[in-house]
Amino acid sequence: MGKVLDDDLIFLVLSIVEEIPEGKVATYGQIAGLADRPNNARLVGKILGMSEYYGEYPCHRVVNHNGRLAPNFHTQKEKLESEGIKFKNDEHVDLKKHKWII
DNA sequence: ATTTTGACACTCT
DNA sequence: CAGAGTGCCAAAA
């Protein structure tokens with residue numbers, strides 16, 4: 001298998017995001033690790049920013065390692081709350097309770 | 001080839 | 001808990 005990047009990486013990342021169960025959240029770093037690129041969390045964020053172009057994915061279930069929501073994704077909180085995610089405050093989900101463990 | 005950018009992670013204060 | 005500083009690395013400029 002050749003080097004995996006852009007289009008292949010996008011497909012891989014999105015397929016992983018698709019696996020996050022309802023009521024759970026994952027971090028960018030976690031997704032990066034599952035995609036076998038543990039140091040590319042930032043790339044995961046960039047891909048999710050464009051994910052709409054590729055289809056419907058539960059990208060609202062991805063937050064940073066502190067549980068902070070994505071900037072400029074104003075419907076994220078309500079989507080998470082609608083599936084039962086609890087928040088520590090306005091900007092941070094309760095990762096302790098809801099982090100997706102494989 | 002070099003610099004900047006990014007929905008990040010980690011450590012230290 | 002909030003900032004600052006550092007590390008990270010592919011993509012785009």
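Note on naming: letters A, B, ... go to the chains in the order of the sequence lines (proteins, then strands), and numbering restarts at 1 for each one.
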Interatomic distance, [X] [atom1] vs [N] [atom2] [rounded to whole Å]:
{"X": "A:Glu91", "N": "B:dC8", "atom1": "CD", "atom2": "P", "result": "12 Å"}
{"X": "A:Leu9", "N": "C:dA12", "atom1": "CG", "atom2": "P", "result": "12 Å"}
{"X": "A:Leu12", "N": "C:dA10", "atom1": "CG", "atom2": "P", "result": "15 Å"}
{"X": "A:Asn40", "N": "B:dA9", "atom1": "CG", "atom2": "P", "result": "12 Å"}
{"X": "A:Arg68", "N": "C:dA2", "atom1": "CZ", "atom2": "C1'", "result": "12 Å"}
{"X": "A:Met50", "N": "C:dA12", "atom1": "CE", "atom2": "P", "result": "8 Å"}
{"X": "A:Lys46", "N": "B:dA9", "atom1": "NZ", "atom2": "C1'", "result": "17 Å"}
{"X": "A:His65", "N": "C:dT6", "atom1": "NE2", "atom2": "C1'", "result": "13 Å"}

#### Entry: Residue of the set A:Leu95, A:Asp94, A:Asn66 for which side-chain contact (heavy atoms from CB on, under 4.5 Å) holds with A:Lys88
A:Asp94

### Query
Can you find a side-chain donor-acceptor pair between A:His60 and A:Glu78 that sits under 3.5 Å?
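A:Glu78 and A:His60 do not have a side-chain donor-acceptor pair below 3.5 Å.
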
### Task
Mind checking A:Asp6 for me? I need base, sugar-phosphate or nothing, with any heavy atom below 4.0 Å counting as a touch.
sugar-phosphate

### Query
So which one's nearest nucleotide on DNA chain B is more toward 5', A:Gly29 or A:Leu43?
A:Leu43

### Task
Please name the pair of heavy atoms, one in A:Gln76 and one in A:Val62, separated by the smallest distance, quoted to 0.1 Å.
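Residues A:Gln76 and A:Val62, closest heavy atoms: NE2-O, 3.1 Å.
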
### Summary
Correct closest heavy-atom pair for A:Leu48 and A:Cys59 would be CD2-CB, 4.1 Å

### Task
Answer yes or no: are there more than 12 heavy-atom neighbours, outside A:Asn89 itself, under 6.0 Å from its atom CG?
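Result for CG/A:Asn89: enclosed.
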
### Message
What's the gap between C:dA13 and B:dA1 when it is taken at their C1' atoms, as a whole Å value?
### Response
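It works out to 13 Å between them.
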
### Task
Please state the C1' separation for the pair C:dC8 and B:dT5 - nearest whole angstrom.
13 Å

#### Entry: Proximal nucleotide (of B:dA9, C:dC8, B:dA7) relative to the A:Ala41 side chain
B:dA9

### Message
Quick check for you: among B:dC10, B:dT5, C:dC9, whose closest atom lies nearest to any side-chain atom of A:Asn39?
### Response
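Out of B:dC10, B:dT5, C:dC9, the nucleotide with an atom closest to A:Asn39's side chain is C:dC9.
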
### Message
Between A:Asn89 and A:Arg42, which residue's closest nucleotide on DNA chain C lies nearer the 5′ terminus?
### Response
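Looking at the nearest nucleotide for each, A:Asn89 comes out on the 5' side.
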
### Message
Between A:Asn64 and B:dA7, is there a contact of a side-chain N or O with OP1 or OP2 at under 4.0 Å?
### Response
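Answer no for this pair, as no side-chain N or O of A:Asn64 is under 4.0 Å from OP1 or OP2.
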
### Task
Considering just the side-chain nitrogens and oxygens of A:Lys88, establish if one lies under 4.0 Å of OP1 or OP2 belonging to C:dC1.
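Answer is yes, contact under 4.0 Å.
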
